[in-house]
Amino acid sequence: MHLSVIGSGYVGTTIAACFADPGHQVTNIDIDESIVDAINAGDAPIHEDGLPELIEQHAGDDGTGRLRATTNYDTVLDTDVTFLCLPTPQKEDGSIDLSIMEAGAKQLGATLADKDDWHTVVVKSTVVPGTTEETITSILEREANKTVGENFGVGMNPEFLREGTAVNDFRNPDKVVLGADDEQALADMYDVFDPLIDDTDAPVVETDTRTAEMIKYANNGFLAAKVSLINDIGNICKEYGVDAYEVADAIGLDDRISEQFLRSGIGWGGSCFPKDTAAIRAAARDEDYEPLMLDAATELNDRQPERLLSLMDDHVDVANERVAVLGLAFKPGTDDTRNSRAIPAIEGLIERNANIAAYDPVATENMRDHFPDIEYADTPKAALGGAVAALVVTDWPEIENLHDEFDAMATPVVVDGRRAIDRRDGIVYEGLTW
Ligand code: UGA
């Protein structure tokens, strides 16, 4: 099949490259020429494990030629199905800003006005229930001067890829959710996903677009709340001197609980859990429903960084002293610092007048935009040298493997928000929930 993917962010670029792999012809459309040029040169525009190899294989000079990038929307006309992967940024009140999606749908609709054959548009971006059916479809109908179900179809296919393991997650999905309000759109989505479904035996959830949209929020809301619940339990464990990880290992043996997403610590960040929980909470309030559990999950998450800082305060006064922050990415395996727990941790250190020395193997440049005035060290050892405390925020292997480097600290107080470091002689160690 010939697919177009509008948007070259984390999701758009990853799925464009992954769809090319089983044999689809894919055109990735983005307004950013530097991203388009990078892809066409066979280079990955983002840091994502396995993506450089895929882009080189399908877009590089000696590649299969199955992946091309362009700024030209007219290329949609040569394709059968278009995936909309545009950003939905968060507004002040937590709700999502649909303006980029609406502008993309408008341009897509105007382009489709020139297409005689059937075309299916699939919304991939995370949007609140009803957005595909009401907002996106009506823009497409108006701009293309066509009727949904007659000349074109619309579907919703939520994404469950995790940053850092997105390529692997694409190839081994737990489920494929195909939301469609008409039969031809559903059939087209099957044609796109059949190679993946056949290869993996992944269960397929066939549903309407509104339910598909809600499944995405429910999935992320549930996982975020699960981490907040284990953090809540972990905080209680810490008060009793009990190791929350030993407790989590035991409760994870219960199939009804499962061992996944039971790592307690400084909490969840990234572009998805914080934004999606905020958006569905705001949407629920619009419907006059108070989302008590998701509110509490968020409040608990907001408090974890301060708990880490107060453990540090118990050991050392950091005013005018050097403090190392180990890890800036919101999790290992990515350079993404959006909503990273390092941000509130650094803000708390700034409030305490500490001199901050931060280290991350790949996310330094992204964090520099947020905090231009703190020191960024090239190695963990350089960050630790002369520090009175170290905060562990991201469990990168480079950080988990630290040993003698702590000897360079003025006072070796290590406060660990991710259970990355082993308790050992020679350091004063505090784990957040153990
Ligand atoms: C999340 C979901 O896991 C994906 O299924 C979804 O597709 C994606 O959001 C999205 O909506 O696009 P992601 O944000 O990449 O993926 O990262 P996760 O691996 O889920 O981690 C999220 C946060 O939770 C990280 O800050 C991580 O450190 C934290 N976390 C996760 C914990 O603190 N403890 C855990 O046990 C697991």
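Because the structure is a prediction, the values reported are computed rather than measured. Residue numbers count from 1 along this sequence. Just so you know, ligand 1 is whichever comes first in the structure, and atom 1 is the first atom listed for that ligand.
- Between K91 and D93 no salt bridge is recorded (no basic side-chain N to carboxylate O distance below 4.0 Å).
- Salt bridge absent: R281 and E299 never bring a charged side-chain N and a carboxylate O closer than 4.0 Å.
- Residues with a heavy atom under 4.0 Å from ligand 1: E159, F160, L161, R162, E163, K216, N220, V227, F261, L262, R263, G267, W268, G269, C272, F273, D276, F330, K331, R418.
- Under 4.0 Å is where a charged nitrogen must lie from a carboxylate oxygen, and between E290 and R285 at least one such pair does.
- Aromatic rings of F371 and Y376 (six-membered ring for Trp) have centroids beyond the 6.0 Å cut-off, not under it.
- Taking 4.0 Å as the cut-off between side-chain N and carboxylate O, K238 and E430 count as a salt-bridged pair.
- Salt-bridge check for K175 with E206: failed, with every basic side-chain N at 4.0 Å or more from each acidic carboxylate O.
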